[in-house]
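Presented below is the structure to which this report refers.
Being a predicted model, the structure only gives us computed values, none of them experimental. Proteins get letters first, then strands, A, B, ... in listed order; numbering begins at 1 in each.
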Protein chains: 2
Amino acid sequence: MTTHATSRTDRRRATEARILDSARGLFAAKGFDRTTIRAVAASAGVDPALVMQYFGSKRGLFTQAVQAPSSAPRTSEGGEAGDGEALLDHLLVTLGLKLGGLPDGTLAMLRSMLTDPAAADHARGALDRQIAGIGDALSTDGDAGDAELRAALIVTTMVGVTIGHQLLSLTTLRDAPADRVTALLRPALEALAQPPG
Amino acid sequence: MTTHATSRTDRRRATEARILDSARGLFAAKGFDRTTIRAVAASAGVDPALVMQYFGSKRGLFTQAVQAPSSAPRTSEGGEAGDGEALLDHLLVTLGLKLGGLPDGTLAMLRSMLTDPAAADHARGALDRQIAGIGDALSTDGDAGDAELRAALIVTTMVGVTIGHQLLSLTTLRDAPADRVTALLRPALEALAQPPG
DNA sequence: GTCTATAGACAGATAGAC
DNA sequence: GTCTATCTGTCTATAGAC
């Protein structure tokens with residue numbers, strides 16, 4: 001009977017996934033501190049104690065929620081793009097202005113990184129890694145000493161636009177079509193991608 | 001005796017100022033939620049009840065702290081700069097990479113705006129106003145329909161760099177001299193300031 | 001006016017019934 | 001395995017002693 005259509009393990013996994021989805025949504029909307037285990041449980045239609053049983057602690061739930069693959073479309077995180085133009089295209093897509101926004105896991109991280117030290121560490125690590133990757137890509141063609149600094153400015157620029165658009169809903173940005181935003185942003189990023197000389 | 005060197009009112013104002021300074025520092029470092037009245041009182045060397053007595057509530061303390069003029073140098077907030085080049089210079093100064101960082105009041109707002117709805121409203125309003133101001137300045141010389149959108153991207157870019165530098169302490173940005181950052185950022189902002197055609 | 005004591009609420013985590 | 005009940009801690013805010 002363990003090969004049944006919906007075994008015990010299957011049901012458990014399904015419940016776990018539902019909890020993680022609810023957690024992602026709430027963490028993305030309200031951040032780590034203001035999201036309660038109770039609210040996650042209510043949203044997922046389970047008992048609060050069950051959430052603890054599955055994930056051990058609120059921190060454990062957060063970590064799993066932001067790391068686990070969500071049902072939303074995945075925008076590749078690593079900066080493993082080709083060269084020049086392709087890199088910028090890749091970055092502009094990563095911005096998530098197309099396809100209706102970034103996955104909730106990413107939004108949860110962005111939302112919490114300024115107030116939760118653990119989230120800040122995680123985000124710092126991820127951004128530093130992305131900066132290093134882009135820095136390498138930038139220093140191959142047209143070299144300069146500050147490729148990594150330019151990469152950092154590219155990344156932080158995109159973080160800023162993302163925050164303004166997805167998390168703050170600045171009226172001007174929210175009402176603008178994605179194509180227009182990317183079109184206007186492209187020359188600016190190109191300026192950063194090119195060596196200063 | 002009311003004209004004494006340090007009257008009762010003077011002492012009260014001094015204590016109030018000390019509390020506000022402590023509050024600004026803690027709000028800037030840890031955000032609204034994680035900053036407690038107790039911690040502010042301890043940092044200022046007063047009784048927690050006194051803080052409540054003076055400011056009514058934690059929210060009142062936060063509002064006063066981020067709005068009141070601090071002892072730190074003030075970077076003009078309004079976007080009342082001249083034209084073109086002067087505007088960019090003004091913005092690059094506002095970035096606060098020079099003069100050792102932004103005032104704690106501003107940092108407290110930035111720190112809390114993603115997780116505290118009241119702070120988010122405040123920040124949204126301030127940023128929207130700044131965007132409108134810059135948008136007006138951009139549409140005077142060299143007109144285009146999306147001046148305000150370009151202004152929004154300029155502002156969010158600076159927000160992103162500020163967050164990466166002051167609040168996340170991204171290693172690449174923290175170790176870079178301010179001149180280098182502003183020098184690299186200038187062409188990017190110029191690209192955004194110019195009409196797409 | 002300033003501080004002590006505490007009310008009142010809410011959260012995360014745990015123990016044990018079923 | 002799942003849920004009820006509760007423990008423990010922390011916070012804002014208030015009431016009242018001094």
Side-chain angles (χ1 to χ4, degrees), chain A residues 1-2 4 6-20 22-27 29-66 108 111-112 115-119, chain B residues 1-2 4 6-20 22-27 29-66 108 111-112 115-119:
Chain A
M1 287 301 187
T2 54
H4 227 42
T6 57
S7 69
R8 259 182 298 269
T9 319
D10 282 345
R11 290 186 128 270
R12 146 122 196 185
R13 281 200 207 286
T15 310
E16 226 181 70
R18 213 169 62 248
I19 293 172
L20 283 175
S22 296
R24 252 188 301 273
L26 286 172
F27 281 134
K30 308 175 54 165
F32 181 80
D33 286 343
R34 299 214 177 181
T35 298
T36 65
I37 300 268
R38 286 162 158 90
V40 171
S43 165
V46 301
D47 192 274
L50 197 66
V51 179
M52 293 298 297
Q53 184 75 13
Y54 283 179
F55 302 96
S57 68
K58 183 180 176 181
R59 179 68 55 191
L61 174 62
F62 181 76
T63 306
Q64 295 257 6
V66 300
R111 175 82 71 188
S112 306
T115 39
D116 179 61
Chain B
M1 287 303 188
T2 55
H4 226 43
T6 59
S7 69
R8 259 180 299 269
T9 320
D10 281 344
R11 289 186 129 273
R12 147 125 195 184
R13 281 200 207 288
T15 311
E16 226 182 68
R18 211 169 63 246
I19 293 172
L20 283 175
S22 296
R24 253 188 300 272
L26 285 171
F27 281 134
K30 308 176 53 166
F32 181 80
D33 285 343
R34 299 212 176 182
T35 297
T36 65
I37 299 269
R38 287 159 156 87
V40 171
S43 165
V46 300
D47 192 274
L50 196 67
V51 179
M52 294 297 298
Q53 184 76 11
Y54 283 0
F55 301 97
S57 68
K58 183 181 176 180
R59 180 67 55 189
L61 175 62
F62 180 76
T63 306
Q64 294 257 3
V66 300
R111 175 82 70 187
S112 306
T115 39
D116 178 62

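As judged by a 4.0 angstrom heavy-atom cut-off over every strand, A:T35 is placed among residues touching the sugar-phosphate backbone only. At a threshold of 4.0 angstrom between heavy atoms, the contacts of B:F55 with the nucleic acid are absent.
Counting to the nearest Å, the C1' atom of D:dG1 and the CD1 atom of A:I19 are 13 Å from each other. A:R59 has its CZ atom 14 Å from the C1' atom of C:dA11, to the nearest Å. B:F32 places its CZ atom 14 Å from the P atom of D:dC11, with the value rounded to the nearest Å. Residue A:R34 contributes atom CZ, which lies 15 Å from atom P of D:dC11 at whole-angstrom precision. Here the P atom of nucleotide C:dA11 and the NZ atom of A:K58 are 9 Å apart, to the nearest Å. B:F62 places its CZ atom 18 Å from the C1' atom of D:dC11, with the value rounded to the nearest Å. Counting to the nearest Å, the P atom of D:dC11 and the CG atom of B:L61 are 15 Å from each other. Straight-line distance from the CG atom of A:D47 to the C1' atom of C:dG16: 14 Å, rounded to whole Å.
For D:dG1, the OP1/OP2 oxygens have no side-chain nitrogen or oxygen of A:Y54 closer than 4.0 Å.
Counting all heavy atoms, side chain and backbone alike, B:K58 lies closest to B:D33 at NZ-O, 3.3 Å.
Listed candidates were D:dT4, C:dA11, D:dT14. Nearest to the side chain of B:M52 is D:dT14. Relative to the side chain of B:T36, the nucleotides D:dC3, D:dC11, C:dC3 differ in distance, and D:dC11 lies closest.
In this structure, the separation between CG on A:D116 and CZ on A:R111 is 14.0 Å, given to the nearest 0.5 Å.
Evaluation of atom-type donor-acceptor distances gives no pair under 3.5 Å for the side chain of B:R12 against the base of C:dG1.
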Using the rule given for side chain to side chain contact (heavy atoms under 4.5 Å, CB included), can you reason through A:Q64 versus A:L20, listing the C-alpha separation, both sets of side-chain angles and the distance that settles it, and then say yes or no? CA-CA 8 Å; A:Q64 295 257 6; A:L20 283 175; 3.9 Å; yes
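Partner B:E16 forms a side chain to side chain donor-acceptor pair (under 3.5 Å) with one of B:R13, B:R18, B:R12 and no other, that one being B:R12.
When each of A:I37 and A:Q53 is assigned the nucleotide of DNA chain C with its nearest heavy atom, A:I37 is the one assigned upstream, toward the 5' end.
Classification of the B:F32-B:F27 ring pair by plane angle, with boundaries at 30° and 60°, yields parallel.
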